[in-house]
Amino acid sequence: ERMDIGAILRNVVEQFEHSLEDKQMTLELRANGTYYSMINPIIEEIFANFISNAIKYSPEGALITIDIVDTNYYWKVNVTDSGEGIPDDVKELIFDRFKRVNKKGVKGTGLGLAIVKRIAEIVESEVGVEDNPEGQGSRFWINLKKAYNNTDQTVPEDTLTQESLPPKSLRQ
Ligand code: ATP
Ligand code: MG
């Protein structure tokens, strides 16, 4: 289905209004435009998990930002928090079932990110985590691949090899 990533994000963020209020947090969604793509609405679950974690593992009053980076081949959605961050040696492991670190009394089953990884595989997207490049905390990201036959995407032909181009009938 052809959907607007910005609208999906706004919808998910709305569901966290109360949890954000409870912790006096601000969530800044930097996605005012439309980002149409053939997208499986199941990616809502990925955004919801990232946001839920950002809230859970950040202190009261913290700032969470979400932004969309448009590249030729995918949209990268970043969920950046200013929480406790994730030690380098467990960055890969937290996507495994039941792996939890820095719990500090925060409840959870350790399944959220395992589900995220599974859904990402299904929609052929890549997910990952890095340090917050602007300061303390972490940044979880997902690359949402643009489909070749999506009429709204822009893939400059000169950056592609002939083999990787879609059939003539699918080009505009
Ligand atoms: P569940 O999501 O099942 O309720 P959970 O939040 O513990 O439980 P995951 O979402 O899979 O499980 O996250 C795994 C672990 O990764 C967490 O327990 C936490 O240690 C760490 N983690 C996840 N997101 C963040 C974050 N934004 N900041 C710091 N640590 C995080
Ligand atoms: Mg979680």
Side-chain angles (χ1 to χ4, degrees), residues 3-35 37 39-71 73-104 106-146:
M3 299 183 85
D4 173 13
I5 303 169
I8 293 176
L9 281 169
R10 281 189 287 277
N11 179 49
V12 177
V13 167
E14 220 175 83
Q15 296 164 24
F16 287 91
E17 203 180 325
H18 293 296
S19 341
L20 287 162
E21 241 168 61
D22 285 348
K23 289 187 80 173
Q24 287 140 48
M25 289 176 149
T26 309
L27 192 152
E28 229 179 86
L29 178 54
R30 300 177 186 153
N32 299 314
T34 46
Y35 312 84
S37 185
I39 272 182
N40 187 329
I42 195 151
I43 61 158
E44 264 194 41
E45 291 306 315
I46 293 181
F47 298 146
N49 268 290
F50 284 172
I51 295 168
S52 148
N53 283 342
I55 296 171
K56 266 164 74 168
Y57 302 108
S58 297
E60 292 213 350
L63 173 73
I64 299 168
T65 58
I66 301 180
D67 64 287
I68 304 179
V69 183
D70 190 351
T71 80
Y73 306 103
Y74 54 80
W75 281 277
K76 183 179 190 190
V77 180
N78 292 310
V79 179
T80 310
D81 66 55
S82 45
E84 55 202 70
I86 295 155
D88 279 338
D89 57 330
V90 292
K91 277 195 172 71
E92 300 292 320
L93 304 177
I94 53 171
F95 289 91
D96 293 345
R97 281 189 193 113
F98 311 123
K99 179 70 188 176
R100 305 194 68 220
V101 282
N102 298 340
K103 285 162 294 214
K104 285 188 188 154
V106 182
K107 289 203 177 92
T109 60
L111 282 173
L113 289 175
I115 293 167
V116 160
K117 198 175 169 190
R118 205 55 202 107
I119 295 174
E121 279 167 18
I122 291 166
V123 299
E124 297 181 298
S125 291
E126 212 190 332
V127 287
V129 63
E130 58 197 53
D131 290 333
N132 175 354
E134 282 121 48
Q136 216 190 2
S138 44
R139 163 174 287 178
F140 284 83
W141 54 264
I142 176 166
N143 288 341
L144 296 166
K145 209 171 64 171
K146 293 178 176 180

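For the single chain, residues carry numbers from 1 onward in sequence order. Please read all numbers here as calculations on a predicted model, not as lab measurements.
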Inset, instruction - With the side chain counted from C-beta on, respond yes when I64 and L20 share a heavy-atom pair under 4.5 Å apart, and no when they do not. - result: yes
All N/O donor-acceptor pairs, side-chain side in residues 85-96, below 3.5 Å, sequence neighbours left out:
| from | atom 1 | to | atom 2 | distance (Å) |
| --- | --- | --- | --- | --- |
| D88 | OD1 | K91 | NZ | 2.6 |
| K91 | NZ | I86 | O | 3.0 |
| K91 | NZ | D131 | OD1 | 2.9 |

Inset, instruction - Taking all non-hydrogen atoms of both residues into account, name the closest pair between G61 and M25 and its distance. - result: N-CG, 4.1 Å
Inset, instruction - Could you tell me whether the side chain of F16 reaches within less than 4.5 Å of the side chain of I55, counting heavy atoms only? - result: yes
Legend entry - Criterion side-chain contact (heavy atoms from CB on, under 4.5 Å) on K145 and Y73, from CA distance to verdict: CA-CA 6 Å; K145 209 171 64 171; Y73 306 103; over 6 Å; no
Legend entry - Rounded distance (nearest 0.5 Å) linking atom CD of Q15 with atom OG of S52: 11.5 Å
Inset, instruction - Might you work through the side-chain contact (heavy atoms from CB on, under 4.5 Å) test for F50 and L113, ending with a clear yes or no? - result: CA-CA 8 Å; F50 284 172; L113 289 175; 3.9 Å; yes
Legend entry - Point-to-point distance, once rounded to the nearest 0.5 Å, from CG of N132 to OG1 of T65: 7.0 Å
Inset, instruction - Looking only at non-hydrogen atoms, find the nearest pair between A62 and S58 and report the distance. - result: CB-CB, 3.9 Å
Inset, instruction - Please report the shortest heavy-atom distance between S138 and V129, naming the atom on each side. - result: CB-CG2, 4.2 Å
Legend entry - Worked check of side-chain contact (heavy atoms from CB on, under 4.5 Å) between N78 and R30: CA-CA 10 Å; N78 292 310; R30 300 177 186 153; over 6 Å; no
Legend entry - Expected output: side-chain N11 to main-chain A7 donor-acceptor under 3.5 Å: no
Inset, instruction - Not counting sequence neighbours, which residues clear side-chain contact (heavy atoms from CB on, under 4.5 Å) with Y74? List them please. - result: T71, K76, N143
Inset, instruction - Report the distance from atom CG of L29 to atom CG of L9, rounding to the nearest 0.5 Å. - result: 5.5 Å
Inset, instruction - Ignoring hydrogens and angles, tell me if any N or O in the side chain of S82 forms a donor-acceptor pair with the backbone of L63 under 3.5 Å. - result: yes
Inset, instruction - Using side-chain contact (heavy atoms from CB on, under 4.5 Å) as the criterion, list what pairs up with E17, not counting sequence neighbours. - result: E14, E21
Inset, instruction - Output yes when K56 and D81 qualify as a salt bridge under the 4.0 Å nitrogen-oxygen rule, no when they do not. - result: no
Legend entry - Point-to-point distance, once rounded to the nearest 0.5 Å, from CG of L144 to CD1 of I5: 5.0 Å
Inset, instruction - Flag the pair I51 / I66 as yes when at least one side-chain heavy-atom distance between them is below 4.5 Å, and no otherwise. - result: yes
Legend entry - salt bridge (charged side-chain N to carboxylate O under 4.0 Å, His left out) pairs, two or more places apart, involving residues 106-119: R118-E121
Inset, instruction - Kindly indicate whether the side chain of E84, heavy atoms from C-beta on, has any atom under 4.5 Å from the side chain of V101. - result: no
Inset, instruction - Quick one: closest heavy-atom pair of E126 and W141, and the distance? - result: O-CZ3, 3.4 Å
Inset, instruction - For the pair N40 (side chain) and I42 (backbone), establish whether a donor and an acceptor sit closer than 3.5 Å, ignoring hydrogens and angles. - result: yes
Legend entry - ring pair (Phe, Tyr, Trp, His ring centres under 6.0 Å) partners for F47, two or more places apart: none
Legend entry - I119 and N49: CA distance, side-chain angles, deciding distance, side-chain contact (heavy atoms from CB on, under 4.5 Å) verdict: CA-CA 11 Å; I119 295 174; N49 268 290; 5.9 Å; no
Legend entry - With sequence neighbours excluded, residues passing side-chain contact (heavy atoms from CB on, under 4.5 Å) with L111: R97, F98, T109, I115
